[in-house]
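This report refers to the structure that appears directly beneath it.
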Amino acid sequence: MSEKASTNQQWGGRFSEPTDAFVARFTASVDFDQRMYRQDIQGSIAHATMLAKVGVLTDDERDQIIQGLTEIRDEIEQGQFEWSVALEDVHMNIEARLTQKIGITGKKLHTGRSRNDQVATDIRLYLRDEVDHISAELTRLQQGLLDLAEREADTIMPGFTHLQTAQPVTFGHHLMAWFEMLVRDYERLQDCRKRINILPLGAAALAGTTYPIDRHLTAELLGFDRPTENSLDSVSDRDFAIEFSAAASLIMMHLSRMSEELVLWTSAQFNFINLPDRFCTGSSIMPQKKNPDVPELVRGKSGRVFGHLFSLLTLMKSQPLAYNKDNQEDKEPIFDVVDTLQGSLRAFADMIPALQPRKEVMREAALRGFSTATDLADYLVRKGIPFRDSHEIVGKSVGYGVQTGKDLGEMTLEELQQFSDVITEDVFEVLTLEGSVRARNHIGGTAPDQVRAAVQRGRAALAQLAAQR
Ligand code: ARG
């Protein structure tokens with residue numbers, strides 16, 4: 001990167017001394033915004049095409065510009081492009097190179113636009129692409145959850161409230177809870193995409209332009225749903241980036257909850273899951289350690305995404321209309337949200353299909369902790385005892401179990417009858433784990449058949465989304 005201090009050739013006309021070398025570096029964004037080079041070129045090609053259509057450029061000028069920009073894209077992709085801090089940002093670097101390549105015609109590209117609407121367009125194009133990549137990765141993770149949930153529809157584990165054993169559930173049901181979180185996340189991304197996919201180009205610096213531009217055409221060329229309504233709002237609005245970061249934060253929050261459970265489950269104390277070695281690392285001092293680094297890191301990374309959401313909110317707070325240089329500070333948070341979310345989703349989508357549940361351990365854990373106590377209470381209600389009284393009876397039975405070290409299903413009929421004489425031999429059906437989960441047989445319940453039905457609905461929903469794309 002060249003760093004020669006000079007008056008910027010793109011706007012230096014009214015300046016009488018060169019920019020201070022530090023100020024040039026301090027105000028430049030090219031180090032990070034060069035990431036949007038493809039979108040910048042895409043936007044410029046559409047702009048030039050529109051300008052030719054309305055007669056501001058000749059067809060020949062348009063063709064030279066498009067040819068030059070296409071070559072510049074290749075130069076960048078082949079690592080031959082020299083980015084210059086003196087040229088501030090991705091926009092002016094590319095434009096300067098265009099002029100260097102095609103001469104005076106290159107200087108006409110910026111007719112009827114400003115970097116203010118240009119950068120707003122670039123970020124929207126960039127985020128639209130990334131929302132699509134992220135959505136695809138999210139779908140891959142959902143697919144993995146559906147497959148695993150189907151395989152584990154009959155696998156019994158303890159369900160928890162307050163992290164205390166509550167009632168038996170199936171592992172498939174637990175995984176489908178994760179799936180549902182991601183269904184909402186996907187919808188949020190798609191909803192946010194609608195507000196990303198609107199064209200600000202044409203707002204120019206802030207007030208619009210005197211050229212007879214056709215913003216509908218530019219919108220169509222770039223695949224935007226429509227042009228924005230107000231030029232002042234167009235160049236200053238970053239709501240879409242905040243919404244995206246909020247949607248990303250919710251995804252990270254969900255991944256962090258899943259991570260926490262995986263960390264707990266892979267511990268020696270729970271021992272519910274084996275996470276294959278390729279997703280873990282060891283300790284340099286404790287030879288026995290196998291650490292669940294991937295879920296831990298994802299849990300940790302959620303914090304930085306939340307941080308970026310707050311950076312962006314704070315960045316926009318109190319900004320007067322229209323564009324302010326503050327807005328240049330939107331890029332690094334946006335890019336880091338994208339990278340962190342992509343990486344975390346990828347790690348999860350790779351890891352989920354590889355989870356190895358230890359079914360016997362899970363079942364054993366559900367057997368401990370009186371997880372069928374509610375089933376006994378419901379049984380007593382069916383035998384005519386009011387729920388509050390049955391709650392009391394079961395509470396006493398559990399107290400007895402704690403004293404004698406027996407779970408409810410392990411007590412004899414006589415032992416159970418000490419607490420209520422309506423209890424008969426058929427009680428053992430409801431005290432088994434399988435009976436308990438099978439009985440919760442309604443939409444949303446943990447019964448294996450319901451889990452399988454939920455998986456089928458999930459598959460149908462994903463297939464429908466795939467057909468829409
Ligand atoms: N690099 C700037 C940004 O990221 C581009 C727009 C600059 N506009 C201006 N009037 N200085 O926001």
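In each ligand, atom 1 is the first atom listed, and ligand 1 is the first ligand listed. What you are looking at is a predicted structure, and each value in this text was computed from that prediction instead of being measured.
The shortest side-chain heavy-atom distance between Ser44 and Gln118 falls under the 4.5 Å cut-off. Between Arg299 and Arg257, every side-chain heavy-atom pair lies at or beyond the 4.5 Å cut-off.
Applying the ring pair (Phe, Tyr, Trp, His ring centres under 6.0 Å) definition to pairs two or more places apart or across chains, those involving residues 115-156 are Tyr126-Phe335. Every pair passing ring pair (Phe, Tyr, Trp, His ring centres under 6.0 Å) that includes a residue from residues 55-81 is listed here, sequence neighbours excluded: Phe81-Trp83.
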Do any side-chain atoms of residues 222-229 form donor-acceptor pairs under 3.5 angstrom with protein atoms, and if so which ones, sequence neighbours left out?
| unit_1 | atom_1 | unit_2 | atom_2 | d |
| --- | --- | --- | --- | --- |
| Asp225 | OD1 | Asn197 | ND2 | 3.3 |
| Thr228 | OG1 | Leu199 | O | 3.2 |
| Thr228 | OG1 | Arg215 | NH2 | 2.8 |
| Thr228 | OG1 | Ser234 | OG | 2.7 |

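There is no side-chain donor-acceptor pair under 3.5 Å between Ser29 and Glu88.
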Please tabulate, one line per pair, the protein N or O atoms found under 3.5 Å from any N or O atom of ligand 1, giving the distance to one decimal.
| unit_1 | atom_1 | unit_2 | atom_2 | d |
| --- | --- | --- | --- | --- |
| ligand 1 | 1 (N) | Ser29 | OG | 3.2 |
| ligand 1 | 1 (N) | Asp89 | OD2 | 3.1 |
| ligand 1 | 1 (N) | Gln328 | OE1 | 2.8 |
| ligand 1 | 4 (O) | Lys331 | NZ | 2.6 |
| ligand 1 | 8 (N) | Asn116 | OD1 | 2.9 |
| ligand 1 | 10 (N) | Asn116 | OD1 | 3.1 |
| ligand 1 | 11 (N) | Arg115 | NH2 | 3.4 |
| ligand 1 | 12 (O) | Tyr323 | OH | 2.5 |

